[in-house]
Amino acid sequence: MTTWLTIGILFTFAAIAFVIYRWGNIECVGVTPVRTFTFIAILFTSGLDVGLIMFPLTEFAGYADLAANPEYGFSNPLAIEFGFWAFLIWAFYFLTCFYFCVIEPRVKFFEIPVIKFINNLVIIGTCAFTAYLLLTNLPWYLPELGDGETIVSSFYLIVFVVIAAAVYSSTSIRYVRTLSLASTWLFLGLISLMWAGAFMSAGSGVGEFVTTFALIGDYFGNLHHFVLPLNDYHEFYLFWWFAWSIMIGQFTSRFVGGMKTYQVLVAMMVFPSIPIAIWFSVLYYYSANAIPTAGFYNLAMVVVGITFVINSLDSLIRLYTDNLNLTVQRFGKVKYITGNLVLMCGLTLLFSLDFLQIQWVGALAIALILGCFGYIMATKYRRVAEIERSPKENKIDFGKIELAS
């Protein structure tokens, strides 16, 4: 699996370099373009899930334990956490977003029946894994509902309600903008709340925060360490990012509103990384200074994490139902909601039983990416080589999303 992952990573970065060299200045326009801030909000909230909110506080100690994990010795825990979640790996999303915006309309690789089937397996599997992550992290953040370790019935009920909300919101794409912007503002509010809590608990001021934030700079000095897997846990993360990459690119490509290709790359790598860096810095200050988060702060993180899950699942459910023509228009709202709810809940339980693993899903995504390249080289090389612009039918009209169903 490590060799397969390495091949996928090296190919991805080579492809990104070629795209920037060949098409770096063309204007990218999606089928439902939105303004840049809305696009970034959709990207950020669709491209991340509950792990961003809930993982760091449980991981910093592991990155600091060099006796057990000497491979982390090249940097500090905050920079490593940032490297697992931000900047370089967001380039994965750029490549697939550009492909689906500019190249796929001419190639139609993902419309080949067997490819469409595999692609939607990846999407559905990753949807269920997102819900599973919420389920497994709730005991740590809400120990009041259990013993702090065991998944109890209350947690299953919470996840069921979250999945139901996401399925309902996926019935209309008009919810995407509202949900994404709301998620973004809630996340920024959570950052402010937690920083204020640190100030009141430990008397931390701007200076202490800046000192903590500066630790992330070590990531950029050790960027090469994060390209290939450091260990099995980093490998898990990279497979997870690959599992997300195709579907997030496919979804976000709809909303690109006229940015040039190199601007899309910069937007995707830089803008999401800024709030991630600030958020992780706040959490690391809590961890390093042993400031407790039990109670109100944990509940606030759960609320924002749930909002992220609803947003992510909404995007992905909408995507695979469109791909498979399992739409509200075809089946009606009741059948649509019931079918997707049963599917998502069933697969979430399979992940909780260790019957499925996200690494398998990520490996399938790499196979699709490499297969697409082979298909282009074998049958569509001339067609792709002639591309000089986004599809002509895609026009910059920011009112389209209001008319979308």
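- One finds the OG1 atom of Thr348 at 4.0 Å from the CD1 atom of Ile163 (value rounded to the nearest 0.5 Å).
- Other residues, nucleotides and ligands contribute at most 12 non-hydrogen atoms within 6.0 Å of the CZ atom of Phe160.
- Separation of the Tyr93 and Trp241 ring centroids falls under the 6.0 Å cut-off.
- Atoms CD1 and OG, from Ile310 and Ser170 in turn, are 11.5 Å apart once rounded to the nearest 0.5 Å.
- With a 4.5 Å cut-off on side-chain heavy atoms, Phe98 and Ile20 do not count as touching.
- To the nearest 0.5 Å, atom CZ of residue Phe308 and atom CG of residue Leu52 are 5.5 Å apart.
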#### Entry: Verdict with reasoning, Ile366 to Ile7, per side-chain contact (heavy atoms from CB on, under 4.5 Å)
CA-CA 9 Å; Ile366 293 172; Ile7 292 170; 5.8 Å; no

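- The pair Arg318-Asp322 meets the salt-bridge criterion, with a side-chain N (NZ, NE, NH1 or NH2) lying under 4.0 Å from an Asp/Glu carboxylate O.
- Side-chain contact between Glu59 and Pro77 is absent, with no heavy-atom pair separated by less than 4.5 Å.
- With ring centers used as reference points, Phe209 lies 6.0 Å or more from Tyr285.
- Residues Leu316 and Ile123 come closest through the heavy atom pair O-CG2, 3.5 Å.
- At most 12 non-hydrogen atoms from other residues, nucleotides or ligands lie less than 6.0 angstrom from OH of Tyr381.
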### Query
For Thr261 and Val102, what are the C-alpha separation, side-chain angles and deciding distance, and is it a side-chain contact (heavy atoms from CB on, under 4.5 Å)?
CA-CA 10 Å; Thr261 302; Val102 177; 5.8 Å; no

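- A tilted orientation is assigned to the rings of Tyr233 and Phe84, their planes being inclined by 30° to 60°.
- Within the 4.5 Å cutoff, the side chain of Ile89 has heavy atoms near those of the Leu238 side chain.
- Heavy-atom neighbours of Tyr168 OH from other residues, nucleotides or ligands within 6.0 Å: at or below the threshold of 12.
- Trp85 is not listed as a side-chain neighbour of Trp279, based on a closest heavy-atom distance of 4.5 Å or more.
- The environment of Phe271 atom CZ is sparse: at most 12 non-hydrogen atoms of other residues, nucleotides or ligands sit within 6.0 angstrom.
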### Query
Can Ser245 and Thr12 be said to form a side-chain contact (heavy atoms from CB on, under 4.5 Å), step by step?
CA-CA 11 Å; Ser245 63; Thr12 296; over 6 Å; no

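- Counting heavy atoms from C-beta on, the side chains of Met268 and Ile248 never come closer than 4.5 Å.
- For Gln250 and Asn119, the side-chain atoms include at least one donor-acceptor pair closer than 3.5 Å.
- Atom CD1 of Ile246 is separated from atom CG of Leu368 by 4.5 Å, given to the nearest 0.5 angstrom.
- The aromatic rings of Phe18 and Tyr21 are tilted relative to each other, their planes meeting at an angle between 30° and 60°.
- Once rounded to the nearest 0.5 Å, the distance linking CG of Leu228 with CG of Leu5 reads 8.0 Å.
- Under the 6.0 Å cut-off for aromatic ring centres, Phe92 and Phe13 qualify, their centroids lying closer than that.
- Here Phe82 and Phe280 keep their ring centres 6.0 angstrom or further from each other.
- Rounding to the nearest 0.5 angstrom, the gap separating the CG atom in Leu135 from the OH atom in Tyr156 is 5.5 Å.
- In this structure, Trp240 and Phe129 have perpendicular ring planes: the angle between them is above 60°, well past the 30° mark.
- Looking at heavy atoms from C-beta onward, Ile317 lies in side-chain contact with Tyr336 at the 4.5 angstrom threshold.
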### Message
If you apply the rule side-chain contact (heavy atoms from CB on, under 4.5 Å), what do you find for Ile216 with Tyr284, and how did you get there?
### Response
CA-CA 11 Å; Ile216 290 177; Tyr284 187 62; over 6 Å; no

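- No more than 12 heavy-atom neighbours from other residues, nucleotides or ligands sit within 6.0 angstrom of CZ on Phe373.
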